There are 2 protein chains.
Amino acid sequence: MTKPVKTSRPARIEALRLENQLCFALYATTNRMTRLYQPLLAELGITYPQYLVLLVLWEQAPRSVGAIGQELDLDSGTLTPLLKRLETAGFVTRIRDTADERRVIISLTEAGAQLRERAAEIPGQLACRVQLSRAEAIALREQLKQLQRALAMD
Amino acid sequence: MTKPVKTSRPARIEALRLENQLCFALYATTNRMTRLYQPLLAELGITYPQYLVLLVLWEQAPRSVGAIGQELDLDSGTLTPLLKRLETAGFVTRIRDTADERRVIISLTEAGAQLRERAAEIPGQLACRVQLSRAEAIALREQLKQLQRALAMD
DNA sequence: TGCAATTAAATTGTGTGCAATATAAATTTG
DNA sequence: CAAATTTATATTGCACACAATTTAATTGCA
């Protein structure tokens, strides 16, 4: 935690201007990005957060609900109903761990695994819309990760 | 729109890795930022999207629902119920425009205007958590705005 | 061993986001 | 000037996010 910075009243009012808010830039850009994904993911029958869960599972499955939540920084209040919808859609299974009955293990079904091939086309389709060079996009992504770490709760 | 880039299958699979996704970096960082705001805004009795609406109104009020939506990139499906909650909380009024009965004009109440003074402390409190220099924060913000514009629907 | 503390997931309740649709008022046009 | 079109907001329905709480299982420790 850095030392608190004393600011004048005009400076504090200036900081409240929408265009000066880093947080609003994040918020609005994320909303737009998600809206852009929506029609592409709708063809696969999933939403953006469901896509994120599948990205995690395509890298490694099966995984517990908690392990998925750790990767995505989401809690069971968000994940439990989302995973039930993915189960209903036939992309994952939810089975309680016999070794530790508190855990629920999420696995990919055949359909869930196969969806990966179709999803592989999506990043390229979106890259066209991002008017950044590959290097710029990577730099931005790494800055965001750094900010995300700085915002970690402790 | 830039030209489509042909990619190999391994490259497409690599692009699906969570850690390579700019979009997930945006998503996760925004969620964290909002969580960080939450306890500060709760003291004022508002949520983060409600805070954004008030930021817009503190710069200029009264404004129509549509004008607020244009600033925040939100539609009436999001704003109408949110504004009703701000009205119930006593921070704004919602009055149909007599000159154009389609429009609803949102104004600040005395309580809504006064909330600005207390809110003015918030950006400084959050700046402490963001481990970026002022220049870095501004650079990141401007890159995000550029990306946001690139993602504009047409 | 026995029980308090911890952990994992589910549940409850509130507030967004947004697509799709509905409603009503204003504007355009033939 | 009346019908078709457009515009502004509201409504409906669905899927998140997340705080707070609950439930059940495991771990720690006296």
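It should be emphasised that the depicted structure is a prediction, and the values quoted were computed from it without experimental measurement. Below, chains carry the letters A, B, ... as their sequence lines are ordered, and counting in each starts from 1.
- Side-chain atoms of B:Ser76 do not come within 3.5 Å of backbone N or O of B:Leu79 as any donor-acceptor pair.
- As rounded to whole Å, 12 Å separates atom C1' of D:dT9 from atom CD1 of B:Ile68.
- The CG-C1' distance, from A:Asp75 to D:dC18, rounds to 6 Å in whole Å.
- Between A:Tyr27 and C:dT16 there is no side-chain polar atom (N or O) within less than 4.0 angstrom of OP1 or OP2.
- In this structure, A:Arg141 contributes its side chain and B:Leu26 its backbone to no donor-acceptor pair below 3.5 Å.
- The stretch residues 83-108 of chain A touches DNA chain C through A:Lys84, A:Arg94, A:Arg96, A:Arg102, A:Arg103, A:Val104, each having a heavy atom under 4.0 angstrom from the strand.
- Judged by distance alone, with hydrogens and angles left aside, A:Thr47 brings no side-chain donor or acceptor close enough to the base of D:dA15 to form a pair under 3.5 Å.
- Nearest nucleotide to the B:Gln50 side chain, out of D:dC18, C:dG15, D:dC16: C:dG15.
- Whole-Å rounding puts the B:Gln70 CD to D:dT7 P distance at 13 Å.
- Straight-line distance from the CG atom of B:Leu72 to the C1' atom of C:dG15: 16 Å, rounded to whole Å.
- Within the 4.0 angstrom heavy-atom criterion, only backbone atoms of the sugar-phosphate kind lie near B:Gly66; the bases stay farther away.
- Toward the 5′ end of DNA chain C lies the nearest nucleotide of A:Pro81, the other residue of the pair A:Pro81 and B:Leu74 mapping further downstream.
- Using a 4.5 Å cut-off on side-chain heavy atoms (C-beta onward), B:Leu108 and B:Trp58 make contact.
- We find that CZ of B:Arg35 is positioned 13 Å from P of D:dA20, with the value rounded to whole Å.
- Panel note: side chain A:Ser107, backbone A:Thr93; no donor-acceptor pair is recorded below 3.5 Å.
- Here the C1' atom of nucleotide D:dC16 and the CD atom of A:Gln38 are 13 Å apart, to the nearest Å.
- One can place CG of B:Leu41 at 11 Å from P of C:dT16, the figure rounded to the nearest angstrom.
- Screening B:Leu72, B:Thr78, B:Leu74, B:Asp73 for a side chain to side chain contact (heavy atoms under 4.5 Å, CB included) involving A:Asn31 leaves a single residue, B:Leu74.
- Taking atom CG of B:Leu79 as the reference point, atom P of C:dT16 lies 10 Å away to the nearest angstrom.
- For C:dA9, its base never sits under 3.5 Å from the side chain of A:Thr80 at any donor and acceptor pair.
- Residues A:Gln125 and A:Glu121 have side chains that never bring a donor and an acceptor to within less than 3.5 angstrom of each other.
- Here C:dC18 is the nucleotide among C:dC18, D:dC16, D:dA10 with the atom lying nearest to any side-chain atom of B:Thr78.
- Nucleic acid contact for B:Thr34: none, since no nucleic acid atom lies under 4.0 Å from a heavy atom of the residue.
- Here the side chains of A:Thr29 and B:Thr30 are not in contact, with every heavy-atom distance at 4.5 Å or above.
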